[in-house]
Amino acid sequence: MSKAKPGPRTDLARVRNVGIAAHVDAGKTTLTERVLYYTGASHKIGEVHEGAAHMDWMAEEQAHGITITAAVTKCPWKDHLIQVVDTPGHVDFTIEVERSMRVLDGAVIVMDGVRGVEPQTETVWRQANKFAVPRAVFVNKMDRPGADFERALASVERRLGETPVPVCVPLPESSVVLHAIEEQAYSFSGEKGEEVTVRPLTADEAEVLAPFREALLNVLGDHDDAIAEAFLADEPLDPEALWATLRRLTISGEVRPAFGGSALRNWGVQPLLDALLRIMPNPLERPPAKGTLPTGEPGDVEMTPDGPLTALAFKVQLFEGRRHVFVRLYRGVLEPGQVIRVGTSDVTERVARVFDIDAQRKTRIDEAVAGQIVLLAGLRHVTTGDTICDPESPILLERIDARLPVLSLAIEPESTKDEEKMFEVLGKMTEEDPTLTFREDAETGQRLLSGMGELHLQIAFERMEREFNLKVRVGRPQVVSRETIKAPAEVLSGVDRTIEAGSQVIELKAEVGVAVAPRARGEGVAVDAGHVQWEPAGYEPTPEQRAAVASGSADATAGGPVEGSPLEDVAITVTRAVTYGPASSPQALRIAAATAVREALSKAGGLVMQPIMKVEVVVPDENTGGVLGDLQSRGATIQGHDSDGGTTSIAAECGLARLIGYATDLRSQTRGRGQFVMEFDRFDVI
């Protein structure tokens, strides 16, 4: 760690805050390594397959050859500064993509040139859509047999419903990129492709490029009359005018510029970097961040160094065993020693140090300004999704949603003397990762660690041992379940008992009528206690009594009638409340409402719901029949399969319980050549 000298503030107009995201194994970390090398941010290229990637700095990332945690760095390129966030591709670590997209101004979605859009591509695309992040497509691995740029773009249109616009068209046979806007050819030489030669197109290259340029001009002409008129009249088109229109459409999300190349073979990356400066917005061009004032009124936050501090904490991470917080500044300036408020709460803290971050390397800085992503030390209470603001100007920015875990494992320390240490370590790890949860089962006494999948939990155990020298014993996987009900039901029930509290006798008596009904999958639990018929006739309840009926009804939704698992997709309506004078205190009404709801749920009949996963399996054609049969034996619903280039992609839905250990079984069936990904879709009855 080094101390940075104070310098002039970065011109926000020359900043590009860009994330790189993809399906697992599409090559995004390999692309990031080239970006770092060509921009001079790194002096050597680290290869993922050698466990030496600069951005995959965790021991577990190097051992497994995948990205696990989003890493942040900065790259200078042609008088601009690109802040790069490399995100994981494996679905188990999707929270890293979610919280990164929340703070990005643009994204590059990397695709395999052979496979095009894959399941996790769709997931990261939805995450980018959620936060309206402008994005470009980089079709990677164009050196592979079977790679097809045009087919990859067609998959973007077919599976994502988007308009891809070809900008840099790859020629795999010569490792050349043809530029559809500049009408030039780019070739790459030198030991690592660092030398770029730009030359006019040959006649053959012009012929190859022609249909792609026509597709580009057609799309741009649909949104710009001057381009359309010049194109139809076969007049020369100014590249700057094309860039300006493409930039406007990219920022508005109407088109997705597409580039091709091979990061591993070192060609096609520099034209992408040049284009990012031209087509991606700077922080000042993004819409204001949405916030809520303490009064409940909306309060937009413009990206500017002026005004009271407003920032979003999007990630907590341990560096060298110490707690640090990643933040994106949206307004104002932040300096070491500054006192901040946590959102609109009464909690204030002092920022001890502010760092620039390059993967795991930290550099102390004297201030951070709006638009920057920085690392803060010294904050004990700030967690993922919290707003950091000026104590005199509290505001609450939109939080980051974390998905619920779907798989649990019983754990206990190998040594009883490590029990307290285990609780401490798990507290730190679950604070870092909101999709990792730890609880103690009230009935069995088991300690359960829950996560997004087998790999997610495996990485957690490896980190416990490496970082904290804590070894744990692990039980069999337990799939997280939910409960719903079979049919509607109505109940009138309540409480009628006397409690002795010392010398005082308290009578509790009340009745509550409720109706319960199943809801459609994914609609959640709804409690309506706003239209209650109070009895006796004419009785006017106190606000405390009304609140007690609502809270008692909500209390009973914590567990279903079969296993006590959390309730899902149920509508609860409180219809009546019968009072008996002073005995119908708020406490009595709360107990009565909870009792009535539990009895109604039991009468309606409980159903246990299991996690249903979307699955995509890619296998050699000769293994298709066997794999299909095996999936059906696991209760999977096959939704379709498609053969292309000697491999078959199978899309299916299957209960998670039947997929535990499937990766090993699939490798065995296909001699190591098959692979699959799964993503949580919904809870449903199997």
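This structure is a prediction, so every number in the text was calculated from the model and none was measured.
Within the 4.5 Å cutoff, no side-chain heavy atoms of L312 are placed close to those of L329. Side-chain contact between R115 and V618 is present, with at least one heavy-atom pair separated by less than 4.5 Å. At least one side-chain heavy atom of M111 sits less than 4.5 Å from a side-chain heavy atom of V156. Side-chain contact between V208 and L171 is present, with at least one heavy-atom pair separated by less than 4.5 Å. The side-chain heavy atoms of V316 and H324, taken from C-beta on, include no pair separated by under 4.5 Å. Counting only heavy atoms from C-beta outward, the side chains of D112 and V139 never approach each other to under 4.5 Å. The side-chain heavy atoms of V617 and Y662, taken from C-beta on, include a pair separated by under 4.5 Å. Residues L659 and M613 form a side-chain contact, since some pair of their non-hydrogen atoms from C-beta on lies under 4.5 Å apart.
Using modelled atom types, no side-chain atom of Y38 and backbone atom of W77 make a donor-acceptor pair closer than 3.5 Å. A donor-acceptor pair under 3.5 Å is absent between the side-chain atoms of R34 and the main chain of Q270, judged by distance alone. Between the T73 side chain and the V84 main chain, no donor and acceptor come within less than 3.5 Å of each other. Of the possible donor and acceptor atoms, one in the side chain of H223 sits under 3.5 Å from a partner among the backbone N and O of V219. Panel note: side chain K315, backbone E432; no donor-acceptor pair is recorded below 3.5 Å. A donor-acceptor pair under 3.5 Å is absent between the side-chain atoms of R213 and the main chain of E183, judged by distance alone. No donor-acceptor pair under 3.5 Å is formed between the side chain of R256 and the backbone N or O of P164. Side-chain N or O atoms of Q372 include one that pairs as donor or acceptor with a backbone N or O of V369 at under 3.5 Å.
Residues N282 and R14 have side chains that never bring a donor and an acceptor to within less than 3.5 angstrom of each other. No side-chain donor from either of T363 and D356 sits under 3.5 Å from a side-chain acceptor of the other. For the residue pair E454 / Q458, no side-chain donor-acceptor distance below 3.5 Å is found, with atom types taken as modelled. Between the side chains of D224 and T245, a donor-acceptor pair is found at a separation under 3.5 Å. Between the side chains of H456 and D433, a donor-acceptor pair is found at a separation under 3.5 Å. Defined by atom type and a distance below 3.5 Å, a donor-acceptor pair is missing between the side-chain atoms of N623 and T670.
Annotation: cation-pi pair R328/Y330 present, NZ/CZ under 6.0 Å from the ring centroid and within 45° of its normal.
Comment: E205 engages R199 in a salt bridge, judged by a side-chain N to carboxylate O separation of less than 4.0 angstrom. The pair K614-E122 does not meet the salt-bridge criterion, since no charged nitrogen lies less than 4.0 angstrom from a carboxylate oxygen. Salt-bridge check for E398 with K290: failed, with every basic side-chain N at 4.0 Å or more from each acidic carboxylate O. By the 4.0 Å N-to-carboxylate-O rule, E240 lies close enough to R278 to be salt-bridged with it. In summary, E98 and K130 engage in a salt bridge, as defined by a charged side-chain N under 4.0 Å from a carboxylate O. The pair E254-R135 does not meet the salt-bridge criterion, since no charged nitrogen lies less than 4.0 angstrom from a carboxylate oxygen.
To the nearest 0.5 Å, the span separating CG on L277 from CZ on R16 amounts to 6.0 Å. Taking NZ from K74 and OG1 from T39, the interatomic distance works out to 13.0 Å, rounded to the nearest 0.5 Å. In this structure, L220 CG and N218 CG are separated by 9.0 Å, a value rounded to the nearest 0.5 Å. Here E33 contributes atom CD and D86 contributes atom CG; the two are 8.0 Å apart, rounded to the nearest 0.5 Å. Distance check: L631 CG to F676 CZ gives 9.5 Å after rounding to the nearest 0.5 Å. Annotation: the span from S187 atom OG to W267 atom CH2 amounts to 11.5 Å, rounded to 0.5 Å.
W243 and H179 have perpendicular rings, their planes meeting at more than 60° on a 0 to 90° scale where under 30° would count as parallel.
Residue P281 is tested with V15, I251, N17, T250 for a side chain to side chain contact (heavy atoms under 4.5 Å, CB included); the sole match is I251.
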How far apart are the C-alpha atoms of S649 and D642, what are their side-chain angles, what is the distance that settles it, and do they pass the side chain to side chain donor-acceptor pair (under 3.5 Å) test? CA-CA 5 Å; S649 296; D642 183 35; over 6 Å; no

Do V619 and T624 pass the side chain to side chain contact (heavy atoms under 4.5 Å, CB included) test, and can you show the C-alpha distance, the side-chain angles, and the key distance before you say yes or no? CA-CA 6 Å; V619 297; T624 302; 4.1 Å; yes

Could you walk me through whether E118 and R159 pass the salt bridge (charged side-chain N to carboxylate O under 4.0 Å, His left out) check? CA-CA 9 Å; E118 298 180 83; R159 295 186 63 170; over 6 Å; no

Check step by step if salt bridge (charged side-chain N to carboxylate O under 4.0 Å, His left out) holds for D274 and K78. CA-CA 8 Å; D274 291 341; K78 298 187 176 178; 2.8 Å; yes

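Counting non-hydrogen atoms of other residues, nucleotides and ligands closer than 6.0 Å to CD of E173 gives a total above 12. Within 6.0 Å of CD on E285 lie more than 12 heavy atoms contributed by other residues, nucleotides or ligands.
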